[in-house]
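By convention in this document, chain letters (A, B, ...) are assigned in the order of the sequence lines, proteins followed by strands, and residues within each chain are numbered from 1.
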2 protein chains.
Amino acid sequence: MTTTSAHSGGPSPAPGSPAWWLARPAAPDTARRGRGRPALDAARIVATALRLIDEHGVDAFSLRMLADTLGSSTATLYRHFANKDEIITLVVDLALGEVDTASAASSGGWQDVLAAMGHGLRAALLRHPDLLPALIAHVPLGPNALAQRERVLAALLDAGLPPELAARAFTAVGHYVIGFAVQQREPDGPPLADFYRRLDPSTHPAISGTAHSLTSVATDDEFVFGLNLLLDGLTRQTAP
Amino acid sequence: MTTTSAHSGGPSPAPGSPAWWLARPAAPDTARRGRGRPALDAARIVATALRLIDEHGVDAFSLRMLADTLGSSTATLYRHFANKDEIITLVVDLALGEVDTASAASSGGWQDVLAAMGHGLRAALLRHPDLLPALIAHVPLGPNALAQRERVLAALLDAGLPPELAARAFTAVGHYVIGFAVQQREPDGPPLADFYRRLDPSTHPAISGTAHSLTSVATDDEFVFGLNLLLDGLTRQTAP
DNA sequence: ACCTGAACACCGTTCAAGT
DNA sequence: ACCTGAACACCGTTCAAGT
């Protein structure tokens with residue numbers, strides 16, 4: 001990598017390069033400030049963005065809205081991030097940081113770690129439903145995503161799972177939770193059940209007949225049941 | 001619904017109302033035209049939009065681009081559709097129409113119908129990878145999506161599956177394919193494997209150790225293997 | 001009756017000009 | 001050295017004016 005800046009104050013790798021934040025010094029602006037109101041550091045920007053997305057939806061979220069809320073200007077945001085996509089990526093990563101896999105990793109078996117990941121990710125998606133499309137758009141590679149990945153994979157490898165199975169178990173749980181979250185998404189307009197019920201039963205008899213089953217809100221019990229099925233299947237793979 | 005137009009030429013339900021296209025007369029503009037170049041009917045607009053999204057990506061796709069390609073103007077698009085979201089919804093639906101579940105429904109058992117749905121949906125997503133986020137954003141309710149749903153559910157019910165299991169089987173296969181498609185998505189930038197390989201092995205030993213497994217491109221065999229696992233599990237549920 | 005140029009109110013992004 | 005008003009090139013959407 002060619003280093004263009006000789007001074008040591010700013011972020012070292014250029015924003016925009018992949019995962020530049022890994023090497024970024026933590027909260028550089030706050031270090032040299034007094035105890036006035038908090039500085040406009042990257043963490044505060046991203047936390048505010050997450051709050052605005054939760055409140056107004058990801059479509060209504062704009063950099064002008066973010067800058068106004070922070071009492072700053074849009075141009076200033078570009079001093080911290082390469083573009084809007086990077087902010088969204090870090091917002092997703094902030095939400096992934098809410099998933100607690102550390103306690104299970106230190107105390108339980110590998111199934112417990114995967115269960116904690118599943119439950120924690122599901123809870124995070126329920127708290128921040130607007131993040132689902134962004135979570136799916138790219139494989140999450142922010143610092144929290146990497147830390148979670150590392151922690152869970154380490155637990156699986158430490159328990160003796162072969163690398164291939166460990167990798168598959170990690171992605172399988174992730175996909176299960178995402179699939180469940182997609183299923184639970186309701187359209188913005190009228191409820192899905194109403195839509196199915198209004199379909200002509202003569203042209204759509206099968207949908208009409210299963211409308212209740214198709215739209216019955218997936219409960220926590222159903223989530224746990226499916227997750228346990230998955231974990232059982234994985235356990236069976238370890239001792240055939 | 002309040003009907004504001006007394007003439008019988010235009011689309012009957014107002015664009016924008018949920019699933020208005022179900023009652024829309026097929027290609028109304030082309031009916032009264034000669035054999036000149038094809039009219040600017042809804043089907044041609046949506047087909048062109050799909051082509052543009054495939055070629056330029058969903059982010060670069062704009063209504064101006066669409067209107068220019070059609071030799072029309074953006075305002076004219078609003079005579080056919082309520083807004084851009086509706087066009088995207090119908091583009092997704094057009095792609096779902098490429099999934100052939102009809103042949104299996106007329107000849108095979110219910111497992112064959114689910115397998116055809118799985119393979120067809122996967123093929124459609126490989127042809128149109130940019131549609132994945134849009135497919136996940138809302139439960140697909142376009143005409144083709146409903147037809148597929150009806151056809152597959154009817155096959156399952158006809159085979160004697162209870163409605164709850166039929167509904168679950170349908171969504172399970174859908175989620176499996178979507179999960180697989182998400183997994184196969186590569187970032188726009190450098191390959192994921194390179195990113196993992198460049199991570200510091202001392203801070204991320206588990207990821208480094210499983211980098212190959214995490215990024216090995218999922219092959220067709222892997223897809224079939226997982227899909228069959230799913231179908232076997234469902235079959236076991238029918239005769240316990 | 002149908003279509004559209006031009007406008008409107010935004011958007012992400014950039015940069016010359018401020019302090 | 002850091003910040004930002006104002007501009008730039010767009011965007012989705014609307015509507016008065018054309019034919």
Please tabulate, one pair per line, each protein N/O and nucleotide N/O from nucleotides 13-19 of chain C that are separated by under 3.5 Å, including the distance.
residue, atom, partner, partner atom, Å
C:dT13, OP2, A:Tyr78, OH, 2.5
C:dT13, OP2, A:Lys84, N, 2.9
C:dT13, O5', A:Tyr78, OH, 2.8

* Between A:Ile87 (CD1) and C:dC11 (P), how many Å, whole number? -> 14 Å
Ignoring hydrogens and angles, write down the donor-acceptor pairs under 3.5 Å from the side chains of residues 51-58 of chain B, residues two or more places apart or on other chains.
residue, atom, partner, partner atom, Å
B:Asp54, OD1, B:His128, ND1, 3.0
B:Asp54, OD2, B:His128, ND1, 2.7
B:His56, ND1, B:Leu52, O, 3.3

* Asked: Listed by chain and number, what are the salt bridge (Lys or Arg N to Asp or Glu O under 4.0 Å) partners of B:Arg197, not counting sequence neighbours?
  -> B:Asp194
* Under 3.5 Å: donor-acceptor pair, side chain of B:Glu150, backbone of A:Ala206 -> yes
* Please report, rounded to the nearest Å, how far the P atom of D:dC2 is from the CG atom of A:Asp41. => 15 Å
* Main-chain N/O of B:Ser72 paired with B:Thr76 side-chain donor or acceptor, under 3.5 Å -> no
* Which dot-bracket notation, 5' to 3', represents the base pairing of DNA chain C when pairs are defined as Watson-Crick or G-U with both distances under 3.5 Å, crossing pairs as [ ], and inter-strand pairs as |? -> ||.|||||...|||||.||
* **Between D:dG12 (P) and B:Leu66 (CG): distance, integer Å** => 10 Å
* Look only at the side chain of A:Asn144 and the backbone of A:Leu96, and say whether a donor-acceptor pair between them is shorter than 3.5 Å. => no
* Asked: How long is the line joining CG of B:Asp68 and C1' of D:dC11, in whole Å?
  -> 13 Å
* Asked: Taking OP1 and OP2 of C:dC11, is either one under 4.0 Å from a side-chain nitrogen or oxygen of A:Ser62?
  -> yes
* Structure fact -> Residues passing the salt bridge (Lys or Arg N to Asp or Glu O under 4.0 Å) test with B:Arg168, sequence neighbours excluded, are A:Glu222
* To do: Please test B:Leu63 against B:Tyr78 for side chain to side chain contact (heavy atoms under 4.5 Å, CB included), starting from the C-alpha separation and ending with a verdict.
  => CA-CA 10 Å; B:Leu63 296 190; B:Tyr78 286 83; 3.3 Å; yes
* **Whole angstrom value for the distance that separates P of D:dG12 from CD of B:Glu86** => 15 Å
* Asked: Which residues pass the ring-ring contact (aromatic ring centres under 6.0 Å, His included) test with A:His119, sequence neighbours left out?
  -> A:Phe223
* Specify the separation, in whole Å, of atom CG of B:Leu77 and atom C1' of D:dC11. => 14 Å
